[in-house]
Amino acid sequence: METFRIQDKIISWQKIENILRKALQMRARGLSQQETADRLAIDRTFISRLEGIGEIRKGQSIACIGFPLQNKQEVQDILEKEGVDFILLMSEKERLDFVNQRSGKELLNELMDLTARVRGYEIVIGIGSDERLKLIEGVLDGQFIGVEIGASPITEDKWVDPQEIRKILRSIRAAR
């Protein structure tokens, strides 16, 4: 159990996570913010802020970046069918080729161009290692959804559950 010492208090992350999960499940079942707050003995305004922190709205545009993917084409087909506006998926070989076939200057310029382009999308789905997802999220302004496929460094293609990607996209659409 992960705990934090804050002055003279010991805080349980698991307890916080359980309350947050219950609150969101109750709201998803149709309870009002006030009903949820009353049942969990927390402030209604906390429920409102919690929803604001995690809110993902379907805006005008969605981008998806992912690597290294074993079933790249299958994931790409789903992204295209679901109307994703910008898709950049790579296998490990394609990722290595992307890096190795450019000079340092060319690579830096291309990465900066890609970063600027992706920052223009309102929602970005990232598929990758734990560390890569943190990096991508750190440079984006909009909403970010990470799909972790392993611990960094990943040196081989990883299979991604296509149904998980479809579920994420449909959740975004339903949140409109």
Those residues at least two apart in sequence (or on a different chain) that pass salt bridge (charged side-chain N to carboxylate O under 4.0 Å, His left out) with Glu17 are Arg21
Exercise for review: Using a strict 4.0 Å threshold on nitrogen-to-oxygen distance, state whether Glu164 and Lys167 make a salt bridge.
Suggested key: no
Exam field: side chain Asn71 to backbone Val160, donor-acceptor pair closer than 3.5 Å: yes
(Q) Applying side chain to side chain contact (heavy atoms under 4.5 Å, CB included) to Leu114 and Phe86, what does each step give before you reach the verdict? (A) CA-CA 11 Å; Leu114 282 169; Phe86 176 80; 4.0 Å; yes
| said: Would you say Trp13 ends up clustered with Ile6 if hydrophobic residues are merged whenever their side chains have heavy atoms under 4.5 Å apart, either directly or through other cluster members? | reply: yes
Note to self: Do Lys15 and Asn18 make a side-chain contact, defined as non-hydrogen atoms from C-beta onward lying under 4.5 Å apart?
What the structure shows: no
- Query: When you measure from the side chain of Arg39 to the backbone N and O of Ala41, does any donor-acceptor pair fall under 3.5 Å?
  - Reply: no
Would you mind checking if Glu92 and Arg95 are paired as a salt bridge, meaning a charged N to carboxylate O distance below 4.0 Å? yes
inquiry  = For Lys158 and Glu156: C-alpha separation, side-chain torsions, deciding distance, then whether side chain to side chain contact (heavy atoms under 4.5 Å, CB included) applies.
reply    = CA-CA 6 Å; Lys158 296 289 186 174; Glu156 59 187 27; 3.8 Å; yes
Name each donor-acceptor pair under 3.5 Å that joins a side chain in residues 100-112 to protein atoms two or more places apart or in another chain, with its distance.
{"from": "Asn100", "atom 1": "ND2", "to": "Leu96", "atom 2": "O", "distance (Å)": "3.1"}
{"from": "Arg102", "atom 1": "NE", "to": "Glu110", "atom 2": "OE1", "distance (Å)": "2.7"}
{"from": "Arg102", "atom 1": "NH1", "to": "Phe98", "atom 2": "O", "distance (Å)": "2.7"}
{"from": "Arg102", "atom 1": "NH2", "to": "Glu110", "atom 2": "OE1", "distance (Å)": "3.3"}
{"from": "Arg102", "atom 1": "NH2", "to": "Glu110", "atom 2": "OE2", "distance (Å)": "3.3"}
{"from": "Ser103", "atom 1": "OG", "to": "Glu106", "atom 2": "N", "distance (Å)": "3.1"}
{"from": "Ser103", "atom 1": "OG", "to": "Glu106", "atom 2": "OE1", "distance (Å)": "3.4"}
{"from": "Glu106", "atom 1": "OE1", "to": "Ser103", "atom 2": "N", "distance (Å)": "2.8"}
{"from": "Asn109", "atom 1": "ND2", "to": "Lys105", "atom 2": "O", "distance (Å)": "3.4"}

Nearest heavy-atom approach of Ser61 to Asp85 is CA-OD2, 3.0 Å
task: Check whether any side-chain heavy atom of Val139 lies under 4.5 Å from a side-chain heavy atom of Phe144, and answer yes or no.
output: no
If you apply the rule salt bridge (Lys or Arg N to Asp or Glu O under 4.0 Å), what do you find for Glu137 with Lys134, and how did you get there?
CA-CA 5 Å; Glu137 183 174 20; Lys134 286 178 194 174; over 6 Å; no
### Message
Would the distance check show the side chain of Arg5 and the main-chain N or O of Lys9 forming a donor-acceptor pair, the cut-off being under 3.5 Å?
### Response
no
Checklist entry - Does Asp97 come within less than 4.0 Å of Lys93, counting only side-chain N to carboxylate O? => result yes
Could you check whether any side-chain heavy atom of Gln14 comes within less than 4.5 Å of a side-chain heavy atom of Glu2, counting everything from C-beta outward? no
Margin query: Contact between Ile172 and Ile125 at the side-chain level, heavy atoms closer than 4.5 Å - yes or no?
Written below: yes
Contact between Leu89 and Leu79 at the side-chain level, heavy atoms closer than 4.5 Å - yes or no?
yes
